[in-house]
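Quick notes on the structure that follows.
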Amino acid sequence: VQLQEDGNTIDTQTVTLAGGETTTVTFVQSFSDAGTRDIAVDNQFGGGVTVTDPATFDVSNAQVGSGTVTEGGAVEISAAVTNTGDRQGTYEVEFSVANSVVETQNVTLAGGESTEVSHEHSFNDSGIYAVDVGGERAGTVTVKEPAAFDTQTIELNRTDARAGDAVEVTVTVVNTGDEEGTSPIRLQANDEILSSRNVTLSGGEQTEMTFVHIFESGGKYNVTVNGASGGTVMVTQPATFEVENARLSSQSVEEGDSVDVTATIANVGTEPGNYTAELSESGEVLKTRSVGPVRGGQTETVTFSISFDS
């Protein structure tokens, strides 16, 4: 007995029967290729057999939404998935970044059906990353560092000055990131902001800036730019005097008696100096006295005696 596929014998069995006897012959046949076949036994057509492909999945058109992103940014990864078989099936899609699976999605498709899958992935570290979907290369993503400003050198044209003199502070500013950015550059002295300017630099670019400041008062000034120390400026101030706490020894006296007038002479400058104190009555200078030298920041006391005849 011959089993035939499209007219070709694909299997045989031998059957022995007595006269008038019958039997049933069964063939079991598997098919490796899809298609429709005519099946016959000893040229007697038995019917047609349609062989279908199992669910088979293909990933295509894998791509990244952007090839460049800043640290902390996200990129959409997408691809098309097609069931190239004839039967319904489920496929697990793997999204990989730098050969590590970062996302999986299950899709169920009928035979011949397609769908699009996508995943938004965040990149937190700079570098270049290969991206794949279902084993197909979607592209590479370059992750850049954001703009980051650093003050590398700070120079003072002088560390000693007198009040009213100009001091130049020159600073080299570098954008150590990959992206262009803008940042304020602040000149400070003793934590007080003296001046501020914005600078815009491309990634890796540097520039030099010069601030000019006049210190009006004497003292010690710790100079910084954006928190980075540039050094100390000692500013001296010429002797500058103030009269403080002028007072009388008595508010009333009799004719011919005297009254003492006492005052404190303060040198609010930083350099020593002499001061001529004047005792006045109704705008008329009655007496003068030289005080000093008085050191910067120090005080001296001066006393005049005056008598009233009427």
Side-chain angles (χ1 to χ4, degrees), residues 1-69 73-143:
V1 181
Q2 296 179 342
L3 175 66
Q4 297 161 318
E5 175 189 345
D6 294 332
N8 299 313
T9 299
I10 58 174
D11 198 3
T12 61
Q13 291 188 28
T14 300
V15 179
T16 301
L17 296 175
E21 187 181 3
T22 62
T23 189
T24 299
V25 178
T26 301
F27 291 93
V28 178
Q29 183 65 35
S30 61
F31 301 93
S32 58
D33 298 320
T36 300
R37 297 164 172 80
D38 291 333
I39 304 300
V41 176
D42 286 344
N43 296 318
Q44 296 295 312
F45 180 69
V49 175
T50 299
V51 179
T52 58
D53 281 328
T56 305
F57 293 90
D58 177 64
V59 177
S60 60
N61 197 30
Q63 57 187 326
V64 291
S66 174
T68 304
V69 68
V75 172
E76 185 177 62
I77 309 166
S78 62
V81 179
T82 303
N83 182 354
T84 58
D86 298 313
R87 302 175 189 173
Q88 178 177 290
T90 299
Y91 178 65
E92 184 180 72
V93 185
E94 292 184 343
F95 295 82
S96 300
V97 175
N99 297 321
S100 295
V101 177
V102 296
E103 169 74 356
T104 59
Q105 296 179 12
N106 289 327
V107 293
T108 299
L109 299 174
E113 186 180 5
S114 296
T115 190
E116 184 175 292
V117 292
S118 64
H119 167 64
E120 188 173 81
H121 183 72
S122 295
F123 294 86
N124 297 319
D125 299 311
S126 61
I128 300 176
Y129 298 87
V131 180
D132 299 278
V133 183
E136 181 181 354
R137 181 58 48 88
T140 58
V141 175
T142 300
V143 183

- [ ] Could you tell me whether Ile128 atom CD1 has more than 12 heavy atoms of other residues or ligands within 6.0 Å of it?
- [x] no
Task: Atom CG of Asn106: over 12 foreign heavy atoms under 6.0 Å - done: yes
Shortest non-hydrogen separation from [X] to [Y] and the atoms involved:
{"X": "Thr140", "Y": "Val64", "value": "O-CG2, 4.3 Å"}
{"X": "Val69", "Y": "Ala74", "value": "CG2-N, 3.9 Å"}
{"X": "Asp6", "Y": "Thr36", "value": "OD2-O, 4.5 Å"}

Rounded at 0.5 Å granularity, tell me how far [atom1] in [X] sits from [atom2] in [Y].
{"X": "Thr142", "Y": "Tyr129", "atom1": "OG1", "atom2": "OH", "answer": "10.5 Å"}
{"X": "Leu3", "Y": "Gln29", "atom1": "CG", "atom2": "CD", "answer": "6.0 Å"}
{"X": "Gln63", "Y": "Glu136", "atom1": "CD", "atom2": "CD", "answer": "10.0 Å"}
{"X": "Glu21", "Y": "Thr16", "atom1": "CD", "atom2": "OG1", "answer": "9.5 Å"}
{"X": "Ser60", "Y": "Glu116", "atom1": "OG", "atom2": "CD", "answer": "10.0 Å"}
{"X": "Ser66", "Y": "Ile77", "atom1": "OG", "atom2": "CD1", "answer": "11.5 Å"}

I'd like to know if the side chain of [X] reaches the main chain of [Y], judged simply by a donor and an acceptor atom lying under 3.5 Å from each other, with no hydrogens or angles considered.
{"X": "Asn83", "Y": "Ala110", "result": "yes"}
{"X": "Gln13", "Y": "Thr26", "result": "yes"}
{"X": "Thr84", "Y": "Thr56", "result": "yes"}

Would you mind reporting whether [Y] and [X] have side-chain heavy atoms less than 4.5 Å apart?
{"X": "Val97", "Y": "Phe123", "value": "yes"}
{"X": "Thr82", "Y": "Glu113", "value": "no"}
{"X": "Asp38", "Y": "Phe45", "value": "yes"}
{"X": "Asp42", "Y": "Gln2", "value": "yes"}

TODO: Evaluate the ring planes of His119 and His121, with Trp represented by its six-membered ring, and classify them as parallel (under 30°), tilted (30 to 60°) or perpendicular (over 60°).
DONE: tilted
TODO: Over 60° means perpendicular and under 30° means parallel, so classify the ring planes of Tyr91 and Phe57, tilted if in between.
DONE: parallel
Open item on the list: Can you see whether Ser118 engages Ser78 through a side-chain donor-acceptor pair at a distance of less than 3.5 angstrom?
Closed with: no
Task: side-chain hydrogen bond (donor to acceptor under 3.5 Å, both in side chains) partners for Asn43, two or more places apart - done: Gln4
